[in-house]
Amino acid sequence: FIKSFYSETEQHKFGFALSFLNGNSRMMYDSGRLNMDTDSAGNYVNIDAQISLLRTNPNYSYFLSNNGSGLGIDLAYDGCINSRHNVHISLNDVGFIGWTRPGQTAEIDSSMMFTGVQIDNLVTANGNEFQNFVDSLDDKYVRTKTETLGTMMLPMNINFNYTYAIKPEKIYLQAG
């Protein structure tokens, strides 16, 4: 919706838009702490980590799937002060999404020392040595759970542009 105001020298336009939002996919990665070091001979790797990963259920991530719903609003102002000075101000995506379908979270908050994987016979190795190692990492260090992801604010944009007509309809200087 746009409302315009005109006079002989000035033009002003105010507008807004209201949007219904379909929450399809959400992913958030947060690394509060992540340090890794090794000794000079490469005998071990120390890892000190505090990491969290949050995502919507990947089984419901097809096009137009609904993992939540929300509302957003856009606000805008365009002003032509005279033939040389123009201003544009807008706020986009002011709103929220409420995630209703349960999602997945995984968290690590631990310190560990990795000294390698022992393979007793290289000829008979079948890869299970590495699978068991990955499973033990998951069992000991990674906490996973399925829960509703809650409500989140949208990442909004704020725009401001000023335009000066050096030579009207030919040369403009713009900053924003």
Side-chain angles (χ1 to χ4, degrees), residues 1-2 13-39 42-78 87-119 125-162 174-176:
F1 300 96
I2 297 174
K13 293 181 184 179
F14 296 92
F16 75 93
L18 186 63
S19 303
F20 170 77
L21 305 171
N22 179 43
N24 181 289
S25 180
R26 176 182 182 191
M27 182 170 285
M28 182 185 77
Y29 172 81
D30 181 30
S31 174
R33 179 181 79 246
L34 181 58
N35 299 310
M36 185 172 84
D37 65 87
T38 183
D39 79 326
N43 292 325
Y44 64 84
V45 174
N46 280 329
I47 298 174
D48 180 29
Q50 179 186 14
I51 301 170
S52 60
L53 173 68
L54 178 141
R55 69 178 183 168
T56 49
N57 189 331
N59 295 328
Y60 297 97
S61 62
Y62 53 88
F63 186 69
L64 293 180
S65 63
N66 186 292
N67 288 307
S69 301
L71 290 173
I73 189 168
D74 298 342
L75 304 168
Y77 167 75
D78 283 311
V87 175
H88 171 79
I89 301 169
S90 66
L91 291 166
N92 298 322
D93 298 328
V94 179
F96 65 93
I97 291 182
W99 299 97
T100 53
R101 190 180 304 275
Q104 300 170 341
T105 60
E107 297 175 338
I108 297 173
D109 189 1
S110 189
S111 295
M112 63 184 99
M113 178 184 272
F114 175 67
T115 56
V117 174
Q118 180 174 340
I119 299 175
N126 60 8
N128 286 338
E129 299 82 7
F130 296 104
Q131 183 62 40
N132 293 338
F133 170 71
V134 171
D135 289 343
S136 69
L137 279 178
D138 192 30
D139 294 342
K140 294 177 185 174
Y141 299 105
V142 180
R143 291 182 309 277
T144 58
K145 56 186 169 185
T146 300
E147 63 184 2
T148 302
L149 302 179
T151 300
M152 67 172 273
M153 295 296 294
L154 296 174
M156 74 174 195
N157 296 311
I158 300 172
N159 300 304
F160 176 77
N161 292 324
Y162 168 74
Q174 188 175 58

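Just so it is clear, the structure is predicted and the values come from calculations on it, not from any experiment.
Listed by chain and number, the residues in a side-chain contact (heavy atoms from CB on, under 4.5 Å) with Ile51 are Tyr29, Ser31, Leu34, Ala49 (sequence neighbours excluded). Applying the ring pair (Phe, Tyr, Trp, His ring centres under 6.0 Å) test to Phe20 and every residue at least two apart in sequence or in another chain returns nothing. For Phe96, there are no ring pair (Phe, Tyr, Trp, His ring centres under 6.0 Å) partners, not counting sequence neighbours. Scored by the side-chain hydrogen bond (donor to acceptor under 3.5 Å, both in side chains) test, Asn22 finds Asn66 as partners (sequence neighbours excluded). With sequence neighbours left out, the salt bridge (charged side-chain N to carboxylate O under 4.0 Å, His left out) criterion links Arg33 to Asp48, Asp109. With sequence neighbours excluded, no residue forms a salt bridge (charged side-chain N to carboxylate O under 4.0 Å, His left out) with Glu147. Residues that satisfy the side-chain contact (heavy atoms from CB on, under 4.5 Å) test with Asp78, not counting sequence neighbours, are Lys13, His88. Residues meeting the side-chain contact (heavy atoms from CB on, under 4.5 Å) test with Ser25, sequence neighbours left out: Thr56. Partners of Asp39 according to the side-chain contact (heavy atoms from CB on, under 4.5 Å) rule, which considers only residues two or more places apart in sequence or in another chain, are Ala41, Asn43, Tyr44.
Within the structure, salt bridge (charged side-chain N to carboxylate O under 4.0 Å, His left out) pairs that include any residue of residues 17-28 do not occur (at least two apart or interchain). Note on residues 53-77: no pairs pass salt bridge (charged side-chain N to carboxylate O under 4.0 Å, His left out), not counting sequence neighbours. Note on residues 93-102: no pairs pass salt bridge (charged side-chain N to carboxylate O under 4.0 Å, His left out), not counting sequence neighbours.
Within the 4.5 Å cutoff, the side chain of Leu53 has heavy atoms near those of the Met27 side chain. Residues Asn159 and Asn92 form a side-chain contact, since some pair of their non-hydrogen atoms from C-beta on lies under 4.5 Å apart. Looking only at side-chain heavy atoms (C-beta outward), Leu75 and Phe14 stay at 4.5 Å or farther from each other. Using a 4.5 Å heavy-atom threshold, the side chains of Leu21 and Leu154 count as touching. At a threshold of 4.5 Å between non-hydrogen side-chain atoms, the residues Gln174 and Asn161 count as touching.
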